[in-house]
Amino acid sequence: MQNAIDHIVCGAAICKFYTDETLFTVIEFQHVNKWYGSLHVLRDIQLKIERGEVVVVCGPSGSGKSTLIRCINRLEPIQSGEILVDGRQLSDPRLDLRALRTEIGFVFQQFNLYPHMTALHNITLAPMKVKGLARAEAEKFALALLERVGMQDKAGAYPANLSGGQQQRVAIARALAMQPKIMLFDEPTSALDPEMINEVLEVMTNLAKEGMTMAVVTHEMGFARQVAHRVIFMDEGQLIEQESPETFFKAPKSPRTKLFLSKILSH
Amino acid sequence: MQNAIDHIVCGAAICKFYTDETLFTVIEFQHVNKWYGSLHVLRDIQLKIERGEVVVVCGPSGSGKSTLIRCINRLEPIQSGEILVDGRQLSDPRLDLRALRTEIGFVFQQFNLYPHMTALHNITLAPMKVKGLARAEAEKFALALLERVGMQDKAGAYPANLSGGQQQRVAIARALAMQPKIMLFDEPTSALDPEMINEVLEVMTNLAKEGMTMAVVTHEMGFARQVAHRVIFMDEGQLIEQESPETFFKAPKSPRTKLFLSKILSH
Amino acid sequence: MRYQFDWSVLWSGQTGQWLLQGISTTLEISVLAWLLAGVLGTLSGALRTAGPRPFSALSAFYVEFFRNVPLLVWMFFWYFGIPLLLPRLAQDWLFAHGAEFWAGMFALGVYHGARFSEVIRSGIQSIPKTQLEAALSTGLTVTQAYRFVIIPIALRLLIPPITNESLNLLKNSSVALTIGVAELTFQTRQIETYTAKAFEALTAGTLIYLVLCLGLSAFMAVLEKRCAIPGLIARVTPAEH
Amino acid sequence: AETTMEKIARTGTLTIGTRTGSPPFAYVNKQNEWVGFSIDLVEQLIIPSVSKKVGKSITLEKKESAPATRIPLLSSNAVDLIAETMTDTRSRRDSVDFSLTFFVTGAQFLVKRGSPIKGIKSVGGKRVAAQQGATNAKIIREKTPTAQLREFPDQPTAFQALAQGQVDTYTNDGIQLAGLKAKAPNPRDWEIVGDFYSYEPYGMAMRKGDADFRNVVNNGLMDGIDSGKFFEIYDKWFGPKGEVPYPMSPEVKKFLIYQAVPK
Amino acid sequence: MDFSVIANNFSFLISQGLLGFGKFTGGTLRLAIPAIILGFILGIFIGLGRLARSGWVRVPATAYVEFFRGVPLVMVIFWFWFVIPVLLGVPLPEYTVALAAFVVFEAAYLGEIIRAGIQSVPRGQVEAATATGLTSVQTMRHIILPQALKNMIPALVTQFIVLFKDTSLASIIGYVDLTKAAQIVNNREIRPFELYLFIAMVYWLCTYGMSRYARYLERRLSHA
Ligand SMILES: Nc1ncnc2c1ncn2[C@@H]1O[C@H](COP(=O)(O)OP(=O)(O)OP(=O)(O)O)[C@@H](O)[C@H]1O
Ligand SMILES: Nc1ncnc2c1ncn2[C@@H]1O[C@H](COP(=O)(O)OP(=O)(O)OP(=O)(O)O)[C@@H](O)[C@H]1O
Ligand SMILES: [Mg+2]
Ligand SMILES: [Mg+2]
């Protein structure tokens with residue numbers, strides 16, 4: 001454990017940790033379909049995300065972006081197709097779902113911090129209960145993470161007393177506390193006041209630079225341009241386009257993508 | 001009334017209607033102070049808005065932007081100083097506040113459409129109840145307004161069945177239905193999905209072009225740059241800066257403005 | 001005929017003692033029933049939101065059946081109906097040890113357990129689903145997520161409606177007079193029959209209930225403030241009795 | 001305020017408070033009719049007397065009363081007359097007026113056949129059911145304080161408790177116990193034991209200080225005794241073929257006749 | 001167990017006890033329905049009173065609610081049965097007593113529901129109405145009340161169920177409702193288990209029906 005902390009705390013080391021290995025698919029969607037009742041929300045999705053890759057998902061409201069990434073850690077079940085995480089099939093009945101989830105960090109639009117716990121306690125809960133870490137050790141690690149997201153001085157604060165941006169940074173630290181191999185973000189900045197968006201994007205950018213595998217649903221096109229390796233456009237449950245940011249913004253193929261970009265970029 | 005409808009419906013005429021007169025101050029803040037309990041939210045505000053002018057107000061969260069514009073139609077009382085609308089003192093006990101409010105349209109961040117009424121009925125309610133218009137007349141006018149905001153085909157829809165952007169456009173039509181001389185907007189696009197922001201900004205831009213006097217709290221800097229005559233920056237209840245958009249974005253004076261702009265423009 | 005007030009009936013003779021006995025019986029039966037209701041309500045409320053299918057169905061049945069029949073009927077049912085189903089020995093023991101008290105206690109506890117269950121269920125359901133998802137996605141089990149996240153939040157949110165329900169339980173203990181439990185309302189009536197002073201007797205009883213209820217709710221308000229989670233507004237269910 | 005006679009004249013009804021579960025004085029029979037000895041007395045003796053006095057026909061209205069509620073019912077004007085099994089006592093005469101005595105009995109115990117309880121001496125330590133607000137409870141409290149008294153709001157709940165063995169005995173006036181026993185599903189399971197440990201003359205209660213009404217009620221009863229109608233009604237309920245056979249002793253008959261003063 | 005007692009007395013229990021047709025003053029529904037309607041009307045005044053700006057209205061309304069929420073219903077029934085007639089000097093028939101007690105008692109709870117319903121309408125709605133120049137009365141009538149009523153329907157139905165069950169307490173004063181009818185039959189037949197189980201089922205059917213309806217309304221309204 002001590003080792004792991006050192007890894008996390010010095011970002012560079014982490015980067016090494018992930019990129020030393022040869023490129024390797026960590027998330028794979030194979031012909032995935034999902035319905036809510038009669039609503040077909042994911043249509044034959046095929047998608048691979050490689051280790052260390054940062055993928056931005058965008059698309060109109062209701063197009064299935066949230067559903068897509070929520071399927072990865074099985075917050076939502078799928079009805080057909082297969083999702084593989086690190087080579088393991090999610091549909092496998094012998095799969096230890098909890099262990100898998102500890103490898104996947106999830107950050108929500110609405111932060112979802114536990115309101116009755118301090119920032120520090122929010123972060124230490126899972127390491128203590130799931131990994132069985134001693135309090136002292138968990139707290140040491142949590143403080144390191146808080147420092148990393150620039151929140152070291154707010155360890156004792158309750159969520160209600162933090163601004164949106166601060167809450168989201170704590171939520172990121174909480175997800176990192178389980179030392180995940182993959183981080184998923186569902187519109188992490190869209191509930192934030194504009195001045196606070198940057199502080200969160202900065203934390204995410206650093207994480208990406210350190211080599212974390214990330215799937216990010218967001219409309220922050222600046223972030224997509226600068227940080228993403230690939231941008232995915234979804235519409236009506238379909239994966240319409242996946243391109244490098246340059247191609248995506250300069251020469252989108254599908255007319256739907258063009259229309260969407262024109263709406264979202266002009267203001 | 002028929003006359004008025006014609007005016008509104010053909011934008012150009014309206015433009016004339018407002019700009020024929022010589023420049024004239026419609027809103028004036030004289031040393032305005034406001035407290036919430038012990039919190040000093042407006043500090044010695046001095047501000048003039050001319051007829052036909054479009055003013056954008058920006059600033060960090062909690063700086064008092066909403067409070068500032070809500071004082072104009074007395075949704076909030078002030079504790080010292082004086083606000084004049086069209087030369088009339090708001091503190092004057094003989095002032096007919098209801099009549100004044102009909103001259104000021106207000107558009108809210110959360111739309112605040114009446115959920116139990118159709119779009120059309122939302123718009124006709126006040127003209128019928130306040131101005132005593134007959135239903136037929138009120139509806140004719142309302143339909144013209146709906147067309148103007150591009151919503152003519154949704155007259156019979158209930159707010160719950162409209163997207164955010166559509167709701168906000170109906171809300172703008174509702175405010176216009178009282179033929180206000182001034183329109184106030186409190187973050188009209190910040191509760192919207194990104195693809196819908198443009199459709200609302202477009203309506204607002206057209207309104208501005210027709211010569212409506214507008215005060216807009218927004219973080220949409222593109223709108224400010226293109227449409228505003230003046231941009232105001234507030235912080236901690238103080239009016240820090242008021243400049244033309246060019247000066248404001250290129251050469252802000254105060255360091256606080258610079259910091260804010262750096263946060264908000266970089267992503 | 002003019003009514004002659006005579007407040008002295010409240011302290012002359014045995015009346016004072018009767019009132020005290022009434023208060024103590026009311027409190028005893030309420031506290032015991034409250035504990036029973038608490039256990040039943042928490043169990044069935046939690047099972048209904050998260051339990052395995054047969055248990056949640058059973059809980060739903062329990063809640064819907066007991067909540068929807070008047071307490072008075074339950075009083076008769078537990079007092080006159082249930083003992084007949086017990087073995088003779090158990091009956092004898094029960095009858096020798098204040099059966100009416102226990103029947104009243106069970107009627108009250110089981111009935112209010114069903115209502116507690118509803119309060120607890122709506123409390124748990126008022127916590128956004130994403131809160132549970134957040135806990136699950138850090139690798140906590142469902143049980144752990146409930147134990148450390150959902151229930152602690154729910155409990156705080158539940159203080160006001162639980163207080164309300166507890167007061168209802170206290171007030172409803174008065175229905176036990178119909179099966180001869182000598183609680184406060186019973187004793188009030190007793191005073192009245194011995195003295196023929198209805199007004200005075202009822203005033204005394206009413207005031208005592210008011211003091212008990214208002215006192216308890218003031219106490220719970222303090223507790224609520226002490227346990228409040230910053231930024232969370234309480235009030236889960238509307239008033240109901 | 002309005003006197004009772006004025007009220008009756010105005011409304012055309014006499015409202016009585018009576019019981020739903022005290023056979024044979026007042027109870028609801030299998031046809032779900034509200035009948036009984038007390039009710040017959042009112043209908044056949046008192047109503048004619050009242051009608052004659054006010055000069056128009058009067059209808060009878062019945063409401064339920066119980067020991068604990070009857071005095072409040074009277075004082076709140078909800079009823080004009082209590083006609084059930086109410087014992088005339090001196091302390092009650094502080095709050096209400098009574099008519100002539102129309103029945104005489106005394107308290108006894110109803111037990112399961114074979115019970116060790118034989119009378120008021122043997123109820124010490126036993127669970128004794130009584131009606132809340134009845135005279136018996138008061139007397140037991142005074143005479144055998146060691147008895148565990150359980151008070152019930154009305155007779156049926158008390159009997160129910162006895163039937164289930166929740167209590168060892170139920171004490172009430174002998175005649176009521178006899179009525180209860182006669183109406184019970186298995187009358188032979190029950191036994192009435194002990195001497196009268198109290199003297200319970202039943203009277204009809206009225207609001208205090210309304211002499212006119214009391215006279216009208218008493219006249220009705222006396223006319224019935226004089227004409228023999230009273231004894232016919234008695235026979236209907238308590239005669240050999242009656243609901244609860246309970247022959248009238250010569251002493252009681254003499255006492256009743258002596259109550260009827262000359263015209 | 002012998003359920004023939006139910007068959008033999010079915011019509012008495014249902015027509016006299018539940019509906020109120022028969023020789024006795026009684027009927028659960030005959031009491032519950034007017035009590036619900038009148039209680040609701042009084043509740044509107046209490047609820048609006050609780051929200052009034054003037055302390056002369058607000059304080060008494062609040063005291064009213066706090067008082068009745070601190071006292072058992074049985075107590076209130078006794079007050080109306082024994083004391084109020086003495087103070088007023090007029091007799092009250094048990095139907096009036098029971099009705100008055102329920103209306104007065106339930107109004108406190110219904111008033112709270114109405115208040116909560118009004119307060120559940122977002123502030124923004126009032127501001128929007130104000131900003132277009134509607135008067136406060138117009139705002140109340142066209143904007144707040146229609147929405148508030150819709151919001152409180154589920155709570156109201158729930159409270160109506162509670163009231164329906166509470167009417168069983170009227171049996172204490174000799175009102176022949178369903179519970180009292182069962183008691184009367186039981187006095188004669190001594191079959192408590194069967195009788196009380198039967199009326200429990202009758203109550204259950206009525207209230208469960210209402211609560212299903214409340215659920216349905218809740219679901220339907222939440223979609224809108
Ligand atoms: N639990 C649910 N039950 C039924 N339908 C659902 C559920 N969750 C989402 N949906 C529907 O599935 C579709 C896709 O939803 P999803 O949340 O994935 O969209 P999204 O792209 O994330 O949109 P947004 O940008 O608004 O978050 C939408 O039409 C939505 O209404
Ligand atoms: N009704 C109120 N009572 C007490 N304090 C209030 C109230 N409304 C606003 N405030 C406080 O007044 C200050 C200014 O609020 P205001 O809403 O005007 O800010 P703003 O600039 O519009 O912020 P935002 O961008 O978040 O809307 C804030 O600190 C806020 O917390
Ligand atoms: Mg989404
Ligand atoms: Mg604001």
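Chain naming here is simple, since letters A, B, ... match the order of the sequence lines and numbering starts at 1 in each. If you're wondering where the values come from, they're calculated on a predicted model, not measured in any experiment.
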For atom [atom1] of [X], decide whether the heavy atoms of other residues, nucleotides or ligands shown that lie under 6.0 angstrom number more than 12.
{"X": "A/Lys34", "atom1": "NZ", "value": "yes"}
{"X": "C/Phe106", "atom1": "CZ", "value": "no"}
{"X": "C/Phe55", "atom1": "CZ", "value": "no"}
{"X": "C/Trp34", "atom1": "CH2", "value": "no"}

Practice item. Report yes or no: does A/His116 contribute a side-chain atom to a donor-acceptor pair with the main-chain N or O of C/Phe148 at less than 3.5 Å? Key: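 Side chain of A/His116 to backbone of C/Phe148, a donor-acceptor pair under 3.5 Å: yes, one is there.
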**Study point:** Residues of residues 204-222 of chain C with any heavy atom under 4.5 Å of a heavy atom in chain A
**Key:**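 Not one residue of residues 204-222 of chain C has a heavy atom under 4.5 Å from chain A.
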Exercise for review: Output the residues of residues 135-147 of chain C for which the shortest heavy-atom distance to chain A is under 4.5 Å, in residue-number order; output 'none' if no such residue exists.
Suggested key: C/Ala135, C/Leu136, C/Ser137, C/Thr138, C/Gly139, C/Leu140, C/Thr141, C/Gln144
**Study point:** Close approach to chain C in residues 61-78 of chain A, criterion heavy atom under 4.5 Å
**Key:**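 Residues of residues 61-78 of chain A touching chain C at under 4.5 Å: A/Arg70, A/Asn73, A/Leu75.
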Review point. Quick one: which residues of residues 103-114 of chain A reach chain C at under 4.5 angstrom, heavy atoms only?
Key: A/Ile104, A/Phe106, A/Phe108, A/Asn112, A/Leu113, A/Tyr114
Review point. Quick one: does A/Pro115's side chain get under 4.5 Å of C/Gln131's, heavy atoms only?
Key: yes
